[in-house]
Structures are given as structure tokens and as C-alpha cells.
Amino acid sequence: VPVADETILDIIWSMPAQTEFYRIKPLKFYIWLLKRRGKGSILSYMKQNDWANDLREIETEENNYHSKLRIQFRLTECGLANWEQVVKSVFSYLAMIRDLSESERARIFNEIKRIDSIGWTSKEEGESSANCVDIAETMQYIQDSTRWIDGDYLMFDYNSEKLVGVLEYLAPDRCTIILSSKKFDSIAVHEEKWMGGKYVIQDLCETTIECWKQAEAIRKGLRQNGQSYWNCLLFPSKESEFSVPSTNMYLAENLKIKDDEPSTEWDAVRRIEQSEKGELWFKGEGDSNLPRATISLLIRSSLPFEKAR
């Protein structure tokens, strides 16, 4: 029973240590896909069904003995009532990832690898003391001294077998489900010793676990041209409700900084473009000498005031 008046669902998987696969980072591959918020994502599907308002957090905990992956959703009342379907949809999404072609899986891995590389190249220098702590921790599981600085950040080698192999641990019978809601106050029979938090522990039903194991990628219905509801169920579309992101055409290929940019000498930003659609203000940043930018958008529109809805 939480203190805050909100409903939270945590799905936690425990597995053998994955730190030895730091060059592949299998868990990072799945986190990158699971945390997406756009069309075809797990969060988009849950919002369509009024099950969840937010994917609150997704994180890993790793050491030389154990690895853990946790994903947390903030549920609606409808989501709490259908929490088993919420969890099943997560396993359906993982099934979609499992069924990816070899070429598509490699494309996504290489795109994440490229994004990390760009992030590393444009990363600002941290405090010396923090860098020392990070390297000391990295040395515990990375034997290659040439990777003590960037080994915890970058992805290096694509290995389909290792990526798919992690799904063995991201399974229904290997997870812990934690539901937090004030609605459980009447059934919370246990009380935590130190803080007095109320809770109850129950085993998952074997039927429910088996249902989650059979989860497949959810297909869109074909209810078109007067097609009945039952035909929609019997003859579903081959198009999945879930999808992976398409190729990011905006990833930089050349990170070389322009060395003859006069705007780096300006005292302040200047307006460089103006039209009936808007204005563009710009100033080059010459102090950090990093291939990065800060973008601020100010959008004015009367559309929100035209209709109350």
C-alpha cells in the first residue's frame, strides 16, 4: 500500500550476471525498445486501452553475480482492473522483438550503437572524482584496460545469439509482479517492521503464467466494410499493434565541427531567418568545442482556443 494516491505496476526480472557481455549489452538493447513512447510502442498500446498513463521507469541493476531488469508503469483504474492483460501485453511486445528478422535486429543494434557513439563524442567532461569512481567500478567486470573509460557506455559487437538468449530470462515464470495501490489497504495483512508499510504476498496463478507464456505479438483487427466483431477476431490483420522504430535518417554521419563559423564570435543570438511562418534565431557555441546543440522552440497557435475539447 503506497503513501501516494497512485497505482503502480512493477515487473522485475532476475537473471545471471550479464556484465561479461559488456561489448554487446543485451539488456540495453531491450531497454531501448521497451522505453519507446511513439506509435507502435508498448506505452502507446496501453494508452489506447486506457490501462496506463505513463511508463514511469525502466532500469537495470548489474554486478558480477546478478542482473536485474525492472519496468514500471503508472496504471489507470482500468489498468488496475486488467493488470493481468497489462502484463500480458508486455510479453506480447517481447514476442514481437523475438520474431524480428536477423537483418532488422542488426539494424536496430547498429542504430543504438551509433547513437551511443554520437553521445560519447559530444559528452561533456565530468568531474575528475566522479570519473575515478566510474572507472574503479568498471574495472570490477571489464578486464580489457583499454575499455575502462568507455566500456560501460558504448556497444561494440553485434551477437544475435546473445541478444535472443536474454529472452530466456525475460519470461513469465522468471518475473516478480509488484502492484501498489491504496485499494489494497483492506487485504494487506502484513506490516513492514521499520517503516510500517502494509503489504500482502500472493503466488501467481499457474493458469495466468501459462497464458503469458503463450503471448504472441498482438495483431490489429480487420473490422472494415461492415465486417463483424467475430470476423475481426477470426481473421486478424497481419499487421502488428507493435512495431520497432524505422531507420533514423537524422543521425549525424560527420561530427566534424565547422572551424570558420563567424557566429561563434557573436555576443548574443541573432535572428537569421524570418517569414510568415516564424523566425529562426541562432548563435554558434565556440567554448565547449563539442558537436552538440541546444534547441528551444516557442510555438504560438490559436487552435487550442477554437474548441473546448
Side-chain angles (χ1 to χ4, degrees), residues 1-2 4-13 30-59 69-100 104 108 167 170-184 187 202 204-246 307-309:
V1 180
D5 189 11
E6 59 182 3
T7 302
I8 301 296
L9 168 69
D10 287 279
I11 308 175
I12 304 171
W13 291 276
Y30 289 96
I31 286 176
W32 193 83
L33 290 171
L34 286 166
K35 73 179 182 181
R36 289 181 55 242
R37 296 173 179 269
K39 183 179 179 181
S41 67
I42 183 65
L43 180 61
S44 176
Y45 177 75
M46 290 190 182
K47 284 186 174 182
Q48 290 175 30
N49 289 278
D50 191 28
W51 288 345
N53 292 322
D54 190 23
L55 197 169
R56 177 70 64 82
E57 193 173 17
I58 180 167
E59 64 176 5
L69 173 63
R70 179 173 71 94
I71 183 170
Q72 183 182 91
F73 296 95
R74 182 160 61 91
L75 300 183
T76 62
E77 289 189 9
C78 181
L80 178 60
N82 295 277
W83 70 269
E84 292 180 352
Q85 290 299 316
V86 172
V87 176
K88 183 178 179 181
S89 66
V90 173
F91 287 111
S92 294
Y93 191 85
L94 292 172
M96 182 273 297
I97 299 175
R98 177 198 64 205
D99 296 338
L100 291 174
E104 189 73 348
I108 295 170
L167 287 173
L170 303 181
D173 54 354
R174 289 179 175 266
C175 72
T176 299
I177 308 296
I178 300 178
L179 276 169
S180 302
S181 174
K182 286 189 174 294
K183 294 182 181 294
F184 299 143
I187 63 171
Q202 296 179 352
L204 287 170
C205 173
E206 288 295 332
T207 304
T208 300
I209 294 176
E210 191 59 33
C211 178
W212 292 344
K213 286 182 178 180
Q214 302 302 319
E216 297 292 338
I218 300 172
R219 306 296 177 182
K220 292 182 178 179
L222 278 179
R223 201 169 184 183
Q224 300 173 358
N225 300 324
Q227 186 182 24
S228 71
Y229 171 77
W230 294 109
N231 279 339
C232 180
L233 292 179
L234 294 172
F235 305 104
S237 169
K238 292 183 179 180
E239 183 181 0
S240 174
E241 285 281 3
F242 299 133
S243 62
V244 294
S246 57
K307 293 183 180 180
R309 181 180 289 274

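Given the structure is predicted, the values throughout are model-derived calculations rather than measurements. One-based numbering along the sequence shown.
In this structure, Tyr93 and Ser243 approach most closely via the heavy-atom pair OH-O, 3.9 Å. Heavy-atom minimum distance, Tyr45 versus Ser89: CE2-CB, 3.8 Å. The nearest pair of heavy atoms linking Phe91 to Leu170 is CE2-O, 3.6 Å.
By the side-chain contact (heavy atoms from CB on, under 4.5 Å) test, Ser92 pairs with Lys88, Ala215, Ile218, Phe242, sequence neighbours left out. Partners of Glu104 under the salt bridge (Lys or Arg N to Asp or Glu O under 4.0 Å) rule, at least two apart in sequence or in another chain, are Arg107. Evaluation of the side-chain contact (heavy atoms from CB on, under 4.5 Å) rule for Lys47 yields Leu43 as partners, not counting sequence neighbours. Remark: Asp5 engages no residue in a salt bridge (Lys or Arg N to Asp or Glu O under 4.0 Å) (not counting sequence neighbours). With sequence neighbours excluded, no residue forms a salt bridge (Lys or Arg N to Asp or Glu O under 4.0 Å) with Lys182.
Side chain of Tyr30 to backbone of Ile97: no donor-acceptor contact under 3.5 angstrom is found. Checked by atom type and distance alone, the side chain of Ser41 pairs as donor or acceptor with a backbone atom of Ser44 at under 3.5 Å.
Side-chain contact between Ile187 and Phe184 is present, with at least one heavy-atom pair separated by less than 4.5 Å. Looking at heavy atoms from C-beta onward, Met46 lies out of side-chain contact with Leu55 at the 4.5 angstrom threshold. Under the 4.5 Å side-chain criterion, counting only non-hydrogen atoms from C-beta, Ile177 is in contact with Trp83. A 4.5 Å side-chain heavy-atom check between Val86 and Asn49 finds every atom pair outside the cut-off.
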(request) Before giving the answer on side-chain contact (heavy atoms from CB on, under 4.5 Å), spell out for Leu100 and Ile108 the whole-Å C-alpha distance, their side-chain angles and the decisive distance to 0.1 Å. (result) CA-CA 10 Å; Leu100 291 174; Ile108 295 170; 3.9 Å; yes
(message) Applying side-chain contact (heavy atoms from CB on, under 4.5 Å) to Thr7 and Lys183, what does each step give before you reach the verdict?
(response) CA-CA 9 Å; Thr7 302; Lys183 294 182 181 294; 5.8 Å; no
(request) Mind running side-chain contact (heavy atoms from CB on, under 4.5 Å) on Arg37 and Asp54 for me, showing each step along the way? (result) CA-CA 9 Å; Arg37 296 173 179 269; Asp54 190 23; 2.8 Å; yes
Show me, pair by pair, the donor-acceptor contacts under 3.5 angstrom made by side chains of residues 69-81, not counting sequence neighbours?
unit_1, atom_1, unit_2, atom_2, d
Arg70, NE, Glu59, OE2, 3.2
Arg70, NH1, Asp10, OD1, 2.8
Arg70, NH2, Glu57, OE1, 2.8
Arg70, NH2, Glu59, OE2, 2.7
Gln72, NE2, Asp10, OD1, 2.9
Gln72, NE2, Asp10, OD2, 3.4
Thr76, OG1, Asp50, O, 2.5
Thr76, OG1, Trp51, O, 3.3
Thr76, OG1, Cys78, N, 3.4
Thr76, OG1, Gly79, N, 3.0

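Annotation: the span from Cys211 atom SG to Glu84 atom CD amounts to 8.0 Å, rounded to 0.5 Å. Taking CG from Asp173 and CG from Leu204, the interatomic distance works out to 10.5 Å, rounded to the nearest 0.5 Å.
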